[in-house]
Amino acid sequence: MASVYDHTKIEKKWQQAWEEAKLFLQTEKQGETVKDKMYLLFAFAYPSGSGLHVGHVESKTALDILARYYRMQGKDVFFPVGWDAFGLPAENYAIKTGVPPVETTKNAINTFRRQLKQIGISYDWANEIATCHPGYYKWTQWIFAELYKKGFAYQAEGKVNWCPQDQTVLANEQVVNGTCERCGAEVVQKDLKQWYFKITEYKDELISGLDQVDWPVATKQQQLNWIGKAKGLNIDFKLSEKTEITLTVWTKFWETVFGTTFVVIAPEKFLEMKLGELVDSQHQAAVNDYLDKAFKKTEEERKIGEKDKTGVDTGLKVINPVNGQAVPLYIADYVLMNVGTGTVMGVPAHDERDFAFAKKFGLPIQQVIVPSGLSFESLVSTQRDPADFRSQFLAQVKEGMTVWPWEGKIVNSGQFDNMESRGDGKQAMAEWMIEQGYAQWNVTYKLRDWLISRQRYWGAPIPVIYDPEGQPHLVEELPWELPTDVDFKPTGESPLTSSVEFQQRTEAYAAKHFQRLMIEKGWDQNGKGWRPEYDTMDTFVDSSWYFLRYVDARNEREFASKEQMQKWLPVDFYMIGPEHIVLHLLYSRFFTKFLRDQGYLNFDEPFMKMRHQGMILGPDGRKMSKSKGNVINPDEVIEKFGADTLRVYEMFMGPIEADKLWDVSAVAGVYRFLRRVHALVSAGVMPVGVQRKLHQTIRKVTQDIPELKFNTAIAAMMEFVNEWEAALKTSSADKLGHEELTSFIKLLAPFAPFLADELYHQVADSSKSSASSVHLSEWPQWNEELAQEEAVMIPIQINGKVRTQIEVKTDSVGDKNAILAEAKSTQIVQKWIEGKEIVKEIYVPGKIVNVVVK
RNA sequence: GCCGAAGUGGCGGAAUGGUAGACGCGAGAGACUUAAAAUCUCUUUCUCGCAAGGGAGUGUGGGUUCGAGUCCCUCCUUCGGCACCA
C-alpha cells in the first residue's frame, strides 16, 4: 500500500535532521585544503520586514541546486549567507515608531532565516554575516582607513544631490530622472563637504577587466556605458578680443569643425574662466541676468528646457582655427560643465541641439557633409519607396526642419572636400589639426568619484574625528561604534549629532591619541573642541566587500586570512538581480582592485561567472505589488503544497534569466508530479523497460544543471516518470534493482531535497552501506551504451519537406547507400519522385534524408 | 535618440542549421461516482477532408542553404538601461 505524500511532515523531519547533522557546514573544513572549490554567491538580501518573496526563492533555489549538485559530484562547495542589514527602511520605520533599527533588523533577519531554512537552502550558516554587526563594520571602517591612508578617500566640497524627503545626500547613481531613487522626491543641489572614494583611479582597469569574466554581454555593456569612455579631440579656439585666452572645445565629431558657426560655453565654465570681465557694456546686463537665472534653475525647469534652448550672446568672438573665421561665443545651460571641456563648437547643420539653438538665435547654418551612398540609404525604410523618402527628407532639410546626417562626402572644408566623413576624411582632419598644433586627443569618462557620505543613522560610522581647527583625523581603534542614544527625527543634520555619548567618546579618543598635537597647538587637553564625523557610509560600501568576509567571517585580526581567501576566492558563480548591474558590481570590482594593489588579494576580478535571475511577475503579467493585489506569498504555497513544490515549480517556470509570470494552476501540476514520484518510489517497482530512459534522463539532468537549464532538467524527469508509469501497466514483472531506483532519487535531490531524502531512506538497502543523506551521496553516472536507442526513425524529405520516415538500426546509421536506397524504395517516396529527375541526395547520419527532385 | 535583450499554439515554454511546438497548464471528450472533487484514458497549432492525405505556420520583408525558429540584412513591436554626453 503506497503511503500518502505528507509534504509538511517530510519537510519538517528533514530540515531538522540536516540541521542536527550539520550537513552543509564548510567551516568544519577550516584547516583542510580544498581540491576542487566552488564558491557560490547570491547578492545578500536586505532583511525587509515583509519577509521572503517568490523572487528571493527563485534565485536562492537556483544556487542551492548548483550547491547540492556540485557537492554530490565531490566538489568542495562554499555557499555562505548574510544580510545587507544597514539601510533606510529600518531607519524610516524608527522615525515613525521609535523602534530602534537594530531591533527591527534583528526581527527581520530571524524571519528570513526561518524561511530560508524552510525552503531548504543548504547554506553554510556558520559563516553568516550582517553588515550592521560591529564585528563586520569594524572591517568596513578598516577599509575606509586603508583608502584614506593611500589617498583614495578624500573630502571635497561641492554640489551634491540632496533629497529633501530623506534628508540625505545621494550618489549620482541614486538619482533617477532628477528624483530620489528611493522615495521619488525631487532632488535638489546643495553645497556640502563630503567624503569621496577615488574609483576613477581604476577607470581603465574597470573596462579592461571585463575581458576576464564570464558575464552576460548586456551587463558588461552597461558597465561600459556607465564608465562612458569616449575618445575625442580637444580643439583650441582663441578669443579674438584677447588672443592669449584659449577656449578649448571637446568633440567626437571633429570632421564637422568647418561647419562651426558659433561656440557655446557652460555657465559654470564661463564663471570659472572669469570671462565676464571681457564682456562689453552692451552685453553686460543680459549676460549677468542669464547667469543669475541659470544658477537658480531647478531640475524641473532644466528638464522643460530640454526642448526650448536658452542662452545669451556674450558679444565676444572666438576664432575657428581651421579657417580663421570669427564666430560668436554664447553661454547656454544645455552645455554641461562636467562633459568634455564644458565648451562646445556649434555645428547646427549636423547636430540637433546646435540646430535648435541656431534656429532660436538666428545663427547661420553651414552644411559640411553631403550624405551619400549606403549610409544614407540606411535611413530609408523598406516599407516606403526609397526615392520618395529621399526626396521628402531632402525637402525637409532644405526647409530647415531637420539636420543633415553626418555620413557622407565632406564639403566646404578646404582640402578635405570629397573625402569620407566617417573614413579617410575624419582621420586626415584629425592628423592635420594636431600637426597644426591647435588640437590634441582627449579621452573622457562619465564615471565620477564615489560620494559615500550619508546624513543618516543606520549605517557604518565614518571613522574620522575633527580637531578644533576642523582637520580630520582617522580613528584607528576599530570598531568605531554606532551610538545608540540618538534622536531619529530628521533635522537636516545627521541624527548622530544628537548623541551625547558619541561626542564624549570623541573627546576621550582625542585626549587619548592626540595629546602631543593638543599641547603643540595649545588646545584643551581633555578633547574639548573636537567632534566626530556625523555622517555614515553609503550602504554600498558595506556590500562591496562582503564576499571577502564570508570566507573567514569570525576573524578578529584581519578582514579575512590569506589562507582562507586563497582557498575559496574568487567567487566562481554569482547570481544577482539585474538591478545591481551597475553600482554594486562597479564598487565591488573597485574594492577588489584596490585591496589587490595593497597586497591583500591576488586576483583582479571578484566574480568570475555571473548570471541574473529574471523577475517573477504576478499572474496578471504585472510586477507584483501589494497595491495591485497580485502578490504570491511563498508561505502560503509552502503550507498548501510544500517547499519542494515551490522550488520545483519556480525552476520549472522557464529559463532562470527570463521574466516569468506566476501560474497558480501550474503549481498544482508540479505538486501532482512530486506526488506521483512519491507513489512510484514507495511502490518500489521500476520495470526493466525504462532502463534506457533512465540513463538518458541521468545524462540530460547532469548536462542541464551546470548550464542552469533547470526547466528542461525537470521536464526530462517528468518524461521519465511518465514512461515509468506507462511501463508498469504493460511490461512484465522484471524489475530494476535498488541502484536504479536510487539513481532517480539522486537526480531529484537538488530540486526537491526534502522529498528526495525521504525517498532515499525509504528505499535504502540495508545490506549495502549508503550515505547518511542523499545529499552526501554520489551523483549517478549514466552509461552511454545503455542510453542508446536500438533504432532511430529517420525522416525522409522530398525537396526539404518531410514526407515519410524509415526505421534504421542504430548500428547501421552509417550505411549511407543502404539508407538512401531504402528511403527511395518506400511507396510514398516513389509517389513523390515519380516522373521527376533526382538532382541531389543528402543524408545526414542518424538525422535526415533529403531527396531533391526536379 | 543611443546601447542591450526578446518576439514560437489558448497560456508558461522546448528545439548542436535537420520531423517546430518536448514538458507543464488550460480546454474538450470519456471512465469511475448518486453527484461533485480527486484520479485515470484519449484529443488538443491553424486549415481543407468521412478518411487516406494535402496546404499554411516561429513579429515583417528579403537573403544564404538540399534544408532556417536557429545564420545574414531590413523594418516593426515589447521590455531593460542610458540620455541636452557635444
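Note that the coordinates shown come from a computational prediction; the quantities given were computed from them, not determined experimentally.
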S.K.: What is the nucleic acid contact for A/D659, judged by heavy atoms within less than 4.0 Å: base, sugar-phosphate only, or nothing?
M.R.: sugar-phosphate
S.K.: What parts of residues 250-264 of chain A reach RNA chain B, counting only heavy atoms under 4.0 Å away?
M.R.: A/W250, A/T251, A/K252, A/F253
S.K.: Anything under 3.5 Å between a protein N or O and an N or O of nucleotides 41-46 of chain B, put it in a table, one pair a line.
M.R.:
residue	atom	partner	partner atom	Å
B/rU41	OP1	A/K729	NZ	3.3

S.K.: Centre-to-centre under 6.0 Å for A/Y330 and A/F357, is that the case here?
M.R.: yes
S.K.: side-chain hydrogen bond (donor to acceptor under 3.5 Å, both in side chains) with A/E784: which residues, sequence neighbours excluded?
M.R.: A/R699, A/W782
S.K.: For A/V335, report the nucleic acid contact type (base, sugar-phosphate, nothing); a contact means any heavy atom under 4.0 Å.
M.R.: base
S.K.: Tell me the interatomic distance from A/E352, atom CD, to B/rA83, atom P, rounded to whole angstroms.
M.R.: 18 Å
S.K.: For A/F652 and B/rG24, give me the distance from atom CZ to atom C1', rounded to whole Å.
M.R.: 4 Å
S.K.: For B/rG59 versus B/rG69, give the span between their C1' atoms, rounded off to a whole number of Å.
M.R.: 12 Å
S.K.: Rounded to whole Å, how long is the line connecting atom CG of A/D704 with atom C1' of B/rA15?
M.R.: 12 Å
S.K.: I'd like to check the side-chain hydrogen bond (donor to acceptor under 3.5 Å, both in side chains) partners of A/Q696; sequence neighbours left out, ordered by chain and number.
M.R.: A/E789
S.K.: Expressed as a whole number of Å, how far does the P atom of B/rC25 sit from that of B/rU39?
M.R.: 10 Å
S.K.: Which residues pass the side-chain contact (heavy atoms from CB on, under 4.5 Å) test with A/D663, sequence neighbours left out?
M.R.: A/Y649, A/S665, A/A666
S.K.: May I have all residue pairs that pass side chain to side chain donor-acceptor pair (under 3.5 Å) and include part of residues 251-264 of chain A, sequence neighbours excluded?
M.R.: A/E255-A/K426
S.K.: Taking any heavy-atom pair under 4.0 Å as a contact, classify A/G669: base, sugar-phosphate, or nothing.
M.R.: sugar-phosphate
S.K.: Atom pairs, N/O to N/O, protein against nucleotides 16-21 of chain B, distance under 3.5 Å?
M.R.:
residue	atom	partner	partner atom	Å
B/rG18	N2	A/Q797	OE1	3.3

S.K.: Take A/Y290 and A/T310, measure what side-chain hydrogen bond (donor to acceptor under 3.5 Å, both in side chains) needs, and give me the verdict at the end.
M.R.: CA-CA 9 Å; A/Y290 184 77; A/T310 64; 2.8 Å; yes
S.K.: Rounded to whole Å, please give me the gap between CD in A/Q827 and C1' in B/rA52.
M.R.: 13 Å
S.K.: Take atom C1' in B/rA20 and the same atom in B/rA15, then report the distance between them in whole Å.
M.R.: 7 Å
S.K.: If the cut-off is 4.0 Å, is A/W662 near the phosphate of B/rC11, judged by side-chain N/O to OP1 or OP2?
M.R.: no
S.K.: Considering only the C1' atoms, how many Å lie between B/rC11 and B/rU34, rounded to the nearest integer?
M.R.: 36 Å
S.K.: Can you check the distance between B/rG62 and B/rA27, where both ends of the measurement are the C1' atom (answer in whole Å)?
M.R.: 39 Å
S.K.: At less than 4.0 Å, is any side-chain N or O atom of A/R353 found next to OP1 or OP2 of B/rG1? Yes or no.
M.R.: no
S.K.: What does A/N799 touch in the nucleic acid at a heavy-atom separation under 4.0 angstrom: a base, only the sugar-phosphate, or nothing?
M.R.: nothing
S.K.: Quick one: is A/R676 getting a side-chain N or O under 4.0 Å of the B/rU39 phosphate, OP1 or OP2?
M.R.: no
S.K.: Quick check: do A/M651 and A/I656 have side-chain heavy atoms less than 4.5 Å from each other?
M.R.: yes
S.K.: Hey, can you pull the donor-acceptor pairs under 3.5 Å for the side chains in residues 843-854 of chain A, sequence neighbours left out?
M.R.:
residue	atom	partner	partner atom	Å
A/Y843	OH	A/V813	O	2.5
A/Y843	OH	A/G846	N	2.9
A/N850	OD1	A/G800	N	3.0

S.K.: Let me know the distance between NZ of A/K700 and C1' of B/rA22, rounded to the nearest Å.
M.R.: 9 Å
S.K.: Give A/D354 one of three labels, base, sugar-phosphate or nothing, depending on what nucleic acid heavy atoms sit under 4.0 Å from its own.
M.R.: nothing
S.K.: Between A/D214 and A/R611 (salt bridge meaning N to carboxylate O under 4.0 Å), is one present in this structure?
M.R.: yes
S.K.: Is it true that A/Y334 and A/D354 share a donor-acceptor pair across their side chains at a distance under 3.5 Å?
M.R.: yes
S.K.: Taking any heavy-atom pair under 4.0 Å as a contact, classify A/W215: base, sugar-phosphate, or nothing.
M.R.: nothing
S.K.: For the P atoms, the ones on B/rU8 and on B/rG55, what distance do you get once it is rounded to whole angstrom?
M.R.: 26 Å
S.K.: Would you please name every residue forming a side-chain hydrogen bond (donor to acceptor under 3.5 Å, both in side chains) with A/E719, sequence neighbours left out?
M.R.: A/K693
S.K.: Of A/A666 and A/A658, whose nearest nucleotide on RNA chain B comes first from the 5' end?
M.R.: A/A658
S.K.: In whole angstrom, give me the gap between the C1' atoms of B/rU64 and B/rC71.
M.R.: 8 Å
S.K.: Which part of the nucleic acid does A/P578 contact within heavy-atom distance under 4.0 Å: base, sugar-phosphate only, or nothing?
M.R.: nothing
S.K.: Mind checking what makes salt bridge (Lys or Arg N to Asp or Glu O under 4.0 Å) contact with A/E725, not counting sequence neighbours?
M.R.: A/R676
S.K.: Take A/I714 and A/A230, find for each the nucleotide of RNA chain B with the closest heavy atom, and name the residue whose nucleotide sits nearer the 5' end.
M.R.: A/I714
S.K.: Residues in salt bridge (Lys or Arg N to Asp or Glu O under 4.0 Å) with A/D620, at least two apart?
M.R.: A/R622
S.K.: Look at the side chain of A/K309 against the base of B/rC84 and say whether a donor-acceptor pair falls under 3.5 Å; ignore hydrogens and angles.
M.R.: yes
S.K.: Using a cut-off of less than 4.0 Å, is there contact between a side-chain N or O of A/K854 and OP1 or OP2 of B/rC66?
M.R.: no
S.K.: Taking atom C1' in both B/rU45 and B/rU41, compute the distance separating them and give it to the nearest angstrom.
M.R.: 23 Å
S.K.: Atom NE2 of A/H612 and atom P of B/rG4: how far apart are they, to the nearest Å?
M.R.: 16 Å
S.K.: Would you say a side-chain N or O of A/R803 is under 4.0 Å from OP1 or OP2 of B/rG53?
M.R.: no
S.K.: Does B/rG9 count as syn, meaning its glycosidic angle lies within 90° of 0, or as anti?
M.R.: syn
S.K.: Holding to ring-ring contact (aromatic ring centres under 6.0 Å, His included), I want the full list of residues that pass it with A/F641, two or more places apart in sequence or in another chain.
M.R.: A/Y671
